[in-house]
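Worksheet for the structure shown next.
Protein chains get the first letters and strands the later ones, always in sequence-line order, with residue 1 at the start of each. What you see is a predicted model, and the numbers here were worked out from it, not measured in a lab.
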There are 2 protein chains.
Amino acid sequence: MNIGEISERSGLPAKTIRYYEDIGLITPDRSENGYRLFGAQDLHKLTFLARARALGFSIEDCRTLMALYEDDTRASADVKHVAIQHLHRIEEKIEQLQSMRQTLSHLVSTCAGDNRPDCPILKDLATAKL
Amino acid sequence: MNIGEISERSGLPAKTIRYYEDIGLITPDRSENGYRLFGAQDLHKLTFLARARALGFSIEDCRTLMALYEDDTRASADVKHVAIQHLHRIEEKIEQLQSMRQTLSHLVSTCAGDNRPDCPILKDLATAKL
DNA sequence: GCAATCCTTCCTTCGACTGGAAGGTGCTCG
DNA sequence: CGAGCACCTTCCAGTCGAAGGAAGGATTGC
């Protein structure tokens with residue numbers, strides 16, 4: 001199939017697919033006219049990539065995962081390792097954001113939100129330390 | 001005080017402070033030799049900025065907040081509005097990440113993590129839809 | 001014969017800095 | 001008085017990730 005069709009099927013923009021080829025994540029065949037020619041395996045890979053990206057894996061993570069995906073002799077421990085690392089990164093990020101949320105929602109709750117200029121949010125921002 | 005001192009006191013790199021001046025967030029005086037000259041008010045503003053950035057407010061948010069900060073006739077509702085918007089963005093991000101975390105941790109828990117090549121993580125990534 | 005789809009290449013975007021080079025200033029030591 | 005050094009200035013370029021867009025041309029399908 002051509003890039004348009006696989007784009008539709010994988011849900012990835014054609015531009016992104018070309019980009020993934022560029023950076024070596026996939027290597028589709030070419031037909032005589034120079035058009036990229038994708039097979040079922042490519043569809044799997046692109047679905048894989050779309051899914052992994054949606055889960056927040058970086059392109060470099062994806063590169064690792066793809067290599068493992070293609071390696072029949074891989075150890076599942078290796079895959080698990082990448083996934084766990086990413087999981088940790090996600091959990092850290094969540095904690096950071098939760099901390100921000102707490103501070104912010106506290107600030108918001110202390111602010112009258114009326115027409116007066118007096119605002120605890122600004123007051124806090126101007127003085128508080130981390 | 002010079003940029004070095006206020007950098008130390010505000011915790012922001014000198015480079016960043018110059019950048020903030022560049023984009024119009026602050027407008028420090030200049031002494032005769034051309035050096036930037038910062039006062040207590042500038043320290044407040046930079047502390048404000050450092051704090052707001054640490055809470056994840058974008059530079060554009062900061063611009064809005066600074067304008068409100070400087071406007072004695074502001075309504076606290078306006079500040080609250082900006083903060084609430086940001087709070088919503090944070091909460092959305094948290095939800096996304098939590099969803100990722102759940103999927104990932106489920107995947108991780110299903111993977112043996114041994115020397116065999118069989119890996120549910122890869123299997124899922126290659127087939128699952130969003 | 002013409003629109004849709006494909007190709008390539010190069011440039012641009014976003015956000016928020018960060019680095020580095022080249023050169024002026026100011027303080028101290030001898 | 002001069003050397004040396006820290007500190008300051010400006011300006012230009014680059015970073016990161018992940019594409020997006022426009023230009024200009026070839027091919028295919030109806």
Side-chain angles (χ1 to χ4, degrees), chain A residues 1-39 42 45-46 48-66 85-86 89-90 93 96-97 100, chain B residues 1-39 42 45-46 48-66 82 85-86 89-90 93 96-97 100 130:
Chain A
M1 78 196 95
N2 283 341
I3 201 166
E5 188 180 346
I6 203 168
S7 161
E8 188 110 346
R9 289 226 238 166
S10 66
L12 289 168
K15 200 77 184 166
T16 301
I17 296 172
R18 293 197 193 96
Y19 171 66
Y20 286 172
E21 182 186 13
D22 238 40
I23 62 174
L25 286 180
I26 53 168
T27 47
D29 290 338
R30 296 289 178 140
S31 46
E32 287 186 11
N33 57 17
Y35 286 16
R36 288 171 187 79
L37 204 53
F38 300 88
D42 294 309
K45 287 193 194 174
L46 286 172
F48 182 110
L49 288 169
R51 170 81 165 155
R53 294 287 301 127
L55 283 175
F57 284 99
S58 71
I59 292 287
E60 282 318 300
D61 284 337
C62 289
R63 199 186 295 282
T64 307
L65 289 171
M66 285 297 285
Q85 271 196 334
H86 181 48
R89 287 197 299 267
I90 286 177
K93 192 75 194 162
Q96 274 179 25
L97 287 172
M100 283 183 199
Chain B
M1 80 195 95
N2 283 342
I3 201 167
E5 189 180 345
I6 203 168
S7 161
E8 187 112 347
R9 289 226 237 166
S10 66
L12 289 168
K15 215 67 178 159
T16 301
I17 296 172
R18 292 195 193 97
Y19 171 67
Y20 286 171
E21 182 187 12
D22 241 39
I23 62 174
L25 286 179
I26 52 167
T27 47
D29 290 338
R30 297 288 178 139
S31 46
E32 286 185 11
N33 57 17
Y35 287 15
R36 288 172 185 79
L37 204 53
F38 299 88
D42 295 308
K45 287 193 195 174
L46 287 172
F48 183 110
L49 288 169
R51 169 81 166 156
R53 294 287 302 125
L55 283 175
F57 284 99
S58 71
I59 292 287
E60 284 317 300
D61 283 338
C62 288
R63 199 185 294 282
T64 307
L65 289 171
M66 285 298 284
V82 175
Q85 270 196 335
H86 181 48
R89 286 197 299 267
I90 286 177
K93 192 76 193 161
Q96 275 179 23
L97 287 172
M100 283 183 199
L130 295 182

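Put simply, the side chain of V82(B) reaches to within 4.5 Å of the side chain of F57(B), judged on heavy atoms. Contact annotation: the side chain of L49(A) approaches that of I26(A) to within less than 4.5 Å [non-hydrogen atoms, C-beta and beyond]. No side-chain heavy atom of D42(B) sits less than 4.5 Å from a side-chain heavy atom of I17(B).
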Worksheet item: Along nucleotides 6-21 of chain D, 5' to 3', which nucleotides get a B, which get an S, and which get a -, given that the test is a protein heavy-atom distance under 4.0 Å?
Response: -BSBBB------BSBB
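Bracketed by its first and final contacts, the part of DNA chain C lying under 4.0 Å from non-hydrogen atoms of chain B reaches from dA16(C) to dG26(C) in 5' to 3' order.
From I59(A), atom CD1 reaches atom OH of Y20(A) across 4.0 Å, with rounding to the nearest 0.5 Å. Atom OG1 of T27(A) sits about 11.5 Å away from atom CZ of R36(A), to the nearest 0.5 Å.
Remark: E8(A) CD is loosely packed, at most 12 non-hydrogen atoms of other residues, nucleotides or ligands lying under 6.0 Å away.
Of the residues listed (M66(B), Q85(B), R89(B)), the one engaging D61(B) in a side-chain contact (heavy atoms from CB on, under 4.5 Å) is R89(B), and it is the only one.
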